[in-house]
Amino acid sequence: MTEASVKQKLVVIGNGMVGHHFLEQLAARPEREAFEVIVFCAEPRPAYDRVHLSEYFGGRSADDLAMGKIEQYRQWGFEIQLNDAAVEIDRDNRTVTSASGIVTDYDRLILATGSYPFVPPIPGHQHEKCFVYRTIEDLDAIRAAASGARSGVVVGGGLLGLEAANALKALGLEAHVVEFAPGLMSVQLDAGGSELLQNKIQDLGVTVHTSTATELIEEVDGRLRMCFKGERELLTDLIVFSAGIRPEDKLARTAGLAIGERGGIVIDESCRTSDANIFAIGECALYDNRIFGLVAPGYTMARTAVAQLCGESSSFTGADMSTKLKLLGVQVGSIGDAHGRAEGAAAITFVDEQSGVYKRMITDADGKKLLGAVLVGDTGDYDQLLQYHLNDIDLPEHPEQLILPTAEGAAPALGAGALPATATICSCHNVSKGQIVDAVAGGCCSLAEVKDSTKASTGCGGCAALLKNVVDEELAALGVEVNNHLCAHFPFTRQELFHIAQVEEITTFGELLEKHGSGRGCEICKPTVASILASLWNEHIHKKPHVGLQDTNDTFMANMQKNGSYSVVPRVPGGEITPDRLIVLGQVAKKYNLYTKITGGQRVDLFGARLEQLPEIWRELIDAGFETGHAYGKSLRTVKSCVGSTWCRFGVQDSVAMALAIENRYKGLRSPHKIKMAVSGCTRECAEAQSKDVGVIATEKGWNLFVCGNGGMRPRHADLFATDIDDETLIKYIDRFLMFYVRTADKLQRTSVWLENLDGGLDYLREVIIDDKLGIGAELEAQMANVVGTYQCEWKTAINDPEMLKRFRQFVNSDEADEKIVFVEERSQPRPARQEEIVRIAEPA
Amino acid sequence: MNQVAITRTQWLPICQRSDLVADSGVCALVGDAFAGSAEKKSVALFFIPGQETQLYAVDNWDPLAQAGVIARGLVAELDGELTVSSPLYKHHFRLSDGVCVEDESIRLDVYPVAFDGETVCIAVDKS
Ligand code: SRM
Ligand SMILES: Cc1cc2nc3c(=O)[nH]c(=O)nc-3n(C[C@H](O)[C@H](O)[C@H](O)COP(=O)(O)OP(=O)(O)OC[C@H]3O[C@@H](n4cnc5c(N)ncnc54)[C@H](O)[C@@H]3O)c2cc1C
Ligand code: SF4
Ligand code: FES
């Protein structure tokens, strides 16, 4: 028997988020070898992140949202048919037929067909300006219809409907929400919460019509008229239906599988349908008469099915449907039995009308256990309440303290230590507290390492704060003293030292060491303090007291190469350079016989300069109008640009001009680590801005700002921070962002790692930078203005100062060159000679 | 260095106090008379004012990085001892005896060095 015939044939129908998770889980197991896998995917592309679908309007492309990749599937040995829906299942012969005519047999079949949006059969609902909100194609169609439109209506005031309304608003439309029920988000919220949410959303400029039933949609003069019960009406340009989802169970139905009364493929705890060879997972599956319209339960089903296929016992027994989210900027959370339907349930409600906060806890009859909760306007208590609910923890004596604003005598916060090992910390990836404890015990000693190893907090991100608590507590419990002292000489963090130096107006390392440190300093604290002092007071790094504090690259304002020679990198802002300047670079390189290379940062690097040649080389460059490129500093490196609207047929803004403005503004800013930026002229993103610490992408209306991207050793995609902002706002945000980073980051921490360790993450960063929650916006801007105002080209200052120039002598007592630096020629340019190529000049006597 | 030889110490002036940089290093070339060798030697001089020993001279050649860069390293106090952290791969060498902290089998030559008024003198053994 050949090996192939031993394999079981596994057919997967549907490649949505859950179908993809199923494949990913299977691929991670050795048992995958036992299966021959074929996937039918009705959509034109493999699975993508539907949960973050709306970000497609915020600058993310289909590629950014992609989860399944064809090459990846191929590598796993899975075959995938795109754009090809399964149309028939023949259970007797165990075959599946696809729309394109492929007939394949199966041993095991997985149904992951998801769900489809329900469109109420209102007369006129088929009009071409009526849409749904589920796929990338749906969003493309909405975007096309929105251009030239004035207003849009969403039918349905649930979670998705509000998200769609937000999208319409972002597309520049006047947005309305029409809801049949008396309140918004009636599944998750009680009446009080829903009313408050409605007020808040109205304040944001979305008109909400509740208790409104649509009876007819008709076209009038090129617009749509919606006629409501009771003779009211509304004129609009497009309509998005978001009136709930229905499980996609057609195939299963015609194949004769058991189907629930109101739809959904019936499954048991092992995720098997009424046919033991067929599993159903995700939103198409009905367990215990319920459909689970969230990814986390779908993922659990996928893991269950994989385990079952591999012969393990694993079961799905329902899932918690608690949610926390931000809708149109309003925080909303709903936990467990939000409506207090349980027998004898009691409620505690806190309402602060002034600041628009509504919180309600549902407890059992004796106020001992938390059955559910509703939070609107402030979800700060969500994590804690959820843990009480999920883990059935006894409530404190005065449970109301849990939702009251903190005051003296408040109930102590439920420490992560109080949670049992079985408590689920991350529901997206089903990571329990126990697994996190194990990861820490196994050697992970930072949040980032735990995330890497357990995948916790890498899904929706909702569990980030709680995860951090658990990790911190575990580290502390293990006696890993989380010693964040800078080094043996300063018992402070970089952030604390920054603060001390600023408040006490300390300007030298010696003074700081004397007042707050001990010993003589080392290669950790010296450059760090030098960087802090530079960020604060921006004095020349060669000024007397600062000499000796810097690493060699900063000291000699050039990057040392492997043989002790240096590289020279003049600044070429935005990568734009005149032919004359380009010629000067060539001439200088030729004169000093420097190896010349175009860098990855859109400029030119000249290698092989001897220490004593640096001042002469720089004098020539400066005379030609060049400035230092700070390639040696923990400071702004380059601002990459694309040609943008000046030349490119797609450009929508002048990306080069913006890159120049930004590079010239922030050049010279000393920071905890290097900073890279880029500006692209349109969403095609030729400048790769989304891999930079600060990325700017032009939009029709202004700029989208991305932050905290990273290439390098651990690439990180930048996060979208603000959309469609004008020049002035852009600069204001970058000023604040950079200064806040400079103030608070750890030594040698890029913005990416800094953000990952920042309590509250991106939302908090937005609050600080955009909403100015800490009230330090003006101060940050002033500090940046000081740095910008005191900029000097360090090389220019140095070549005009004889004292500084003395530093660049190879020998203090001789004009000879270092004979140990030897070059040989390769591809018509010099390169350092290898050890074996160096002929010894003289043998010892 | 095991061979028996008659040596006498000779102090050579190498540079001026003003050539030194406080809390940092500079490099000096010591002539062919040095260490009985025809080879000229690059020596790294460190000036740490306010210490009991304020002058140190060690070989400028970093044997681990294979480059003459020690003088351009950063002076770092490590467990109470003064070291220089070599710029290329950051090995620490003790200023007092030249021993590499990360690998004690590796050592830089060290030389007696002292001020004679404003002049810096280095001691060499001449056979
Ligand atoms: C010259 C260049 C390579 C080239 O031939 O193209 C280069 C060369 C060096 N890179 Fe780089 N990097 C260069 C672009 C990059 C890029 C690409 C980019 O900026 O678009 C990256 C990835 C993007 C990023 O940083 O997010 C990059 C990621 C790194 C890293 C890893 C940083 C990280 O966060 O993981 C290091 C190591 C470090 O900084 O700790 C590094 C460090 C270095 C150093 C400074 C290593 C060193 O200490 O000697 C190299 C010496 C430069 C020199 O002697 O002039 N280089 N380096 C590029 C100079 C760009 C420029 O014009 O300034
Ligand atoms: C805008 C939006 C926001 C959301 N936000 C959240 C959120 O914040 N949190 C959360 O938990 N959930 C959220 N969801 C819900 C989440 O996206 C779904 O729970 C999840 O996508 C379900 O995955 P699935 O694989 O079961 O179904 P789907 O992702 O719908 O995938 C099913 C796939 O099967 C395909 N298919 C159907 N029939 C066939 C056939 N016969 N042959 C081949 N292929 C077929 C479909 O075309 C589809 O590609 C959101 C959904 C939307 C639309
Ligand atoms: S990012 Fe857009 S504007 Fe810039 S070069 Fe590419 S396509 Fe042109
Ligand atoms: S709960 Fe979604 S990432 Fe952890």
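Just so we're clear, the structure is a prediction, and the values are computed from it rather than from any experiment. In what follows, chains are A, B, ... by sequence order, proteins preceding strands, each numbered from 1.
Side chains of A/Glu523 and B/His92 form a contact here, defined as non-hydrogen atoms less than 4.5 Å apart. Looking at A/Arg520 and B/Val75, their side chains never come closer than 4.5 Å, going by heavy atoms from C-beta outward. Taking the side chain as every heavy atom from C-beta outward, A/Gln810 and B/Val26 never approach each other to under 4.5 Å.
The two residues B/Ala28 and A/Phe811 make their nearest non-hydrogen contact at C-CD2, 3.7 Å. When all heavy atoms are compared, the tightest approach of A/Pro527 to B/Leu74 is CG-CD1, 4.1 Å. A pairwise comparison of heavy atoms in A/Thr552 and B/Pro87 identifies CG2-CB, 3.3 Å as the closest pair. Nearest heavy atom pair, residue A/Gly564 against residue B/Val69, reads CA-CG1, 3.6 Å. Taking every heavy atom of both residues into account, B/Ser24 and A/Arg807 meet most closely at OG-NH2, 2.8 Å.
Using a 4.5 Å cut-off between heavy atoms, B/Leu82 touches chain A through its side chain atoms alone. Within the 4.5 angstrom heavy-atom criterion, only backbone atoms of A/Leu549 (N, CA, C, O) approach chain B. If you measure heavy-atom distances from A/Ser814 to chain B, the contacts under 4.5 Å come from the side chain alone. Looking at B/Ala65, only its backbone comes within 4.5 Å of chain A, counting heavy atoms on both sides.
Between atom SG of residue B/Cys27 and atom CG of residue A/Asp818 there is a gap of 7.0 Å, rounded to the nearest 0.5 Å. Atom SG in A/Cys487 sits 9.5 Å away from atom CD in B/Glu77 (nearest 0.5 Å).
Surrounding NZ of A/Lys543 are at most 12 heavy atoms belonging to other residues, nucleotides or ligands under 6.0 Å away. For A/Gln792, the CD atom is densely surrounded, since the number of other residues' heavy atoms within 6.0 Å is greater than 12.
Contacts with chain A were tallied for B/Leu88, B/Ile14, B/Leu45, B/Leu29; B/Leu29 has the most, counting heavy-atom pairs under 4.5 Å. Taking chain B as the reference chain and counting heavy-atom pairs below 4.5 Å, the highest number among A/Lys806, A/Lys526, A/Gln550 is found for A/Lys526.
Salt bridge annotation for A/Arg809-B/Asp19: present, with a cationic side-chain nitrogen under 4.0 angstrom from a carboxylate oxygen. Ion pairing between B/Arg72 and A/Asp551 fails under the 4.0 Å rule for side-chain N and carboxylate O.
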